[in-house]
Amino acid sequence: MPKPNPRHPKFPVPGGPELRAKGWRQEALLRLLENVLSVGEDPDNLIVYAALGKAARSWAAHRGIVKALIEMDEDQTLLIQSGKPIGLVKTHAKAPLVIMANCNIVGQWAKAEVFYELQRKGLICWGGLTAGAWQYIGSQGVIQGTYEIFMRIAERRFGGDLYGRFVLTAGLGGMGGAQPLAGRMAGAAILCVDVDPERAKKRQEIGYLQEIAPDLDTALAMIDAAVKEKRALSVGLVGNAAEVYPEIARRGIVPDIVTDQTSAHDLVYGYVPKGMSLAQVREMRDDGQGQLMAASRASIVQHVTAMLDFQKNGSEVFDNGNLIRTQAREGGVANAFDIPIFTEAYLRPLFARAIGPFRWMALSGEESDIARIDDLLLEMFPENKIITNWIRLAREHVPFEGLPARIAWLGHGERTMLARRVNQLVASGELKGPVAFSRDHLDAGAMAHPNIMTERMKDGSDAIADWPLIDAMMLCSSMADLVVVHSGGGGYAGYMTSCGVTIVADGTDAADERLDHALTNDTALGVMRYADAGYDEALDEVAKKDVAYIRLG
Ligand code: NAD
């Protein structure tokens, strides 16, 4: 039975034992599509997160996809082009059920303005990373990543945790909404600025944000008290970051950590310029795009200038993956890239071992299935401190949104081992239903994004997009259930290409084979990508885990 979804009553959370499709593989993908809308930011308009990241191109396209998933046989493959179903072809039961290409525009044309025009004509949509691939699980999808970043900084600069430390950030949207909870889990007093009161309210309602302050003075007083008492606290403030950051800097306050997760990548549909109301901005999105882009960029210049001031005064400042430095540099802030990107600064040693954000969703809709898999993780990886610490914290702090799901940073071999054990638990009936496995597109072999994932790679291979394409082709040959290639849309047009994958553990031997091949090969490619770029961690992994990387003499 689907579960009611009070925030979006038209989009219930799927679940239960009844199948509408001809098999669990098809049903699973249908439930994942339903799930991204149930936890999305604006499901009425098919928007899942990151300003314009959509689950399908239009409602007609959505209906076509649902019908195809329900009616298709296991030996067919559904083809999807930028969120629209194109057709079904006869393949075989070991082939992917769904393959997609979303928002891939030829190089010289891959610009925001071209994207907006194609979108206006109904020819394209952007799938974000996990929206169009039906893998989004709400703010929890990035929460461990955000938490790990905070903890790496804590280890380097603050003695191991963030108790008694002030973190300043902005953006309480689909992904940015993970920040207050991740900050609190790390012990910080974290202030999160968002221009939209509805976003702040939503994060508070779902348990990610504790307090909303009525004004900046009160917010700073709350943070100050928590810092003095070394008490973890998350405070939201409704305001424009391009005003609030410079004002905090003007007062001479130096937060310990500063970042930002507004949708700065998109100057039209994402970022809200200072001095403009949300209503005004929404109106201008259709017929005032040029003016809006200029105003957003001017605000981002002030926003990033304040971040650079904080950095000069000793704050740990980083770009949290939203292209804000790129926008500021285009606006004339020549030293915007003095601010490091989080991947290179904190997480690359993990990616170089293909350790990254792996996730699973309980298709039964039962939280007890996730609890059982949590136990399994603790049993299987008792020596892995990152995992054991994370699972204990996540159990205590992370509320479920939509289908019960979990994210955990696992690497080569580990993902496969876990998924195959879960498949056995599905087969034995210990879990109440099948489980779908996927990962973020921000993963070792899966993404080329020279201002985020692959910035300043050791061998200079930042902009080479062969890796995600090889990944996708390899995953199709490795029996994955859904394989997708995404490129950037909106403000990300021309900035990235990534690959996504989903595999369903339905308890069958065939699923065991699929999980084994697809997950093992996916992380093997991740190790090879970093080995090829000359990272010692990856070469160590090649040696330790017998990865068949071909090293030329
Ligand atoms: P979203 O569109 O759901 O939310 C963005 C939020 O920013 C909204 O709540 C909006 O009101 C707020 N905002 C816009 N302009 C503002 C301003 N001037 N001041 C204050 N608030 C403002 O987007 P999201 O899914 O939360 O993603 C945010 C950004 O993070 C995107 O650029 C996305 O691509 C990026 N991202 C990074 C990672 C990562 O791995 N680090 C992961 C996911 C998303």
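In this text, all values refer to a predicted model and were calculated from it rather than measured experimentally. Just so you know, ligand 1 is whichever comes first in the structure, and atom 1 is the first atom listed for that ligand.
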Look at ligand 1 and say whether Ala51 reaches it with a heavy atom at a distance under 4.0 Å.
-> yes

Of the backbone atoms (N, CA, C, O) and the side-chain heavy atoms from C-beta on, which set of Arg199 has a member under 4.0 Å from an atom of ligand 1: side chain, backbone, both, or neither?
-> side chain

Salt-bridge contact Arg348-Glu537 (side-chain N to carboxylate O under 4.0 Å) = no

Would you say ligand 1 has an N or O under 3.5 Å from any N or O of Asp440?
-> no

Report, as yes or no, whether the 6.0 Å neighbourhood of atom CD on Gln291 holds more than 12 heavy atoms from other residues, nucleotides or ligands.
-> no

Charged N-O contact under 4.0 Å between Arg325 and Asp319 = yes

Per-residue contact class, Val142 against ligand 1 - non-hydrogen pairs under 4.0 Å = side chain

Looking only at distances, please establish whether an N/O atom of ligand 1 is found under 3.5 Å from an N/O atom of Tyr49.
-> no

Where ligand 1 meets Ala50 - atom numbers and elements under 4.0 angstrom, heavy-atom basis = 1 (P), 2 (O), 3 (O), 23 (O), 24 (P), 25 (O)

Mode of Ala241 contact toward ligand 1 - side chain, backbone, both, neither (heavy atoms, under 4.0 Å) | both

Report yes or no: does a heavy atom of Ser296 sit under 4.0 Å from some atom of ligand 1?
-> no

Distance from Tyr271 atom OH to Asn240 atom CG, nearest 0.5 Å?
-> 5.5 Å

Kindly confirm or rule out an N or O of Val195 lying under 3.5 angstrom from an N or O of ligand 1.
-> yes

Say whether Gly270 and ligand 1 are in contact under the criterion: heavy-atom distance to a ligand atom below 4.0 Å.
-> yes

CH2 (Trp134) and CG (Leu33) are apart, to the nearest 0.5 Å, by 5.5 Å

Above 12 or not: heavy atoms from other molecules or residues under 6.0 Å from CZ of Arg456?
-> no

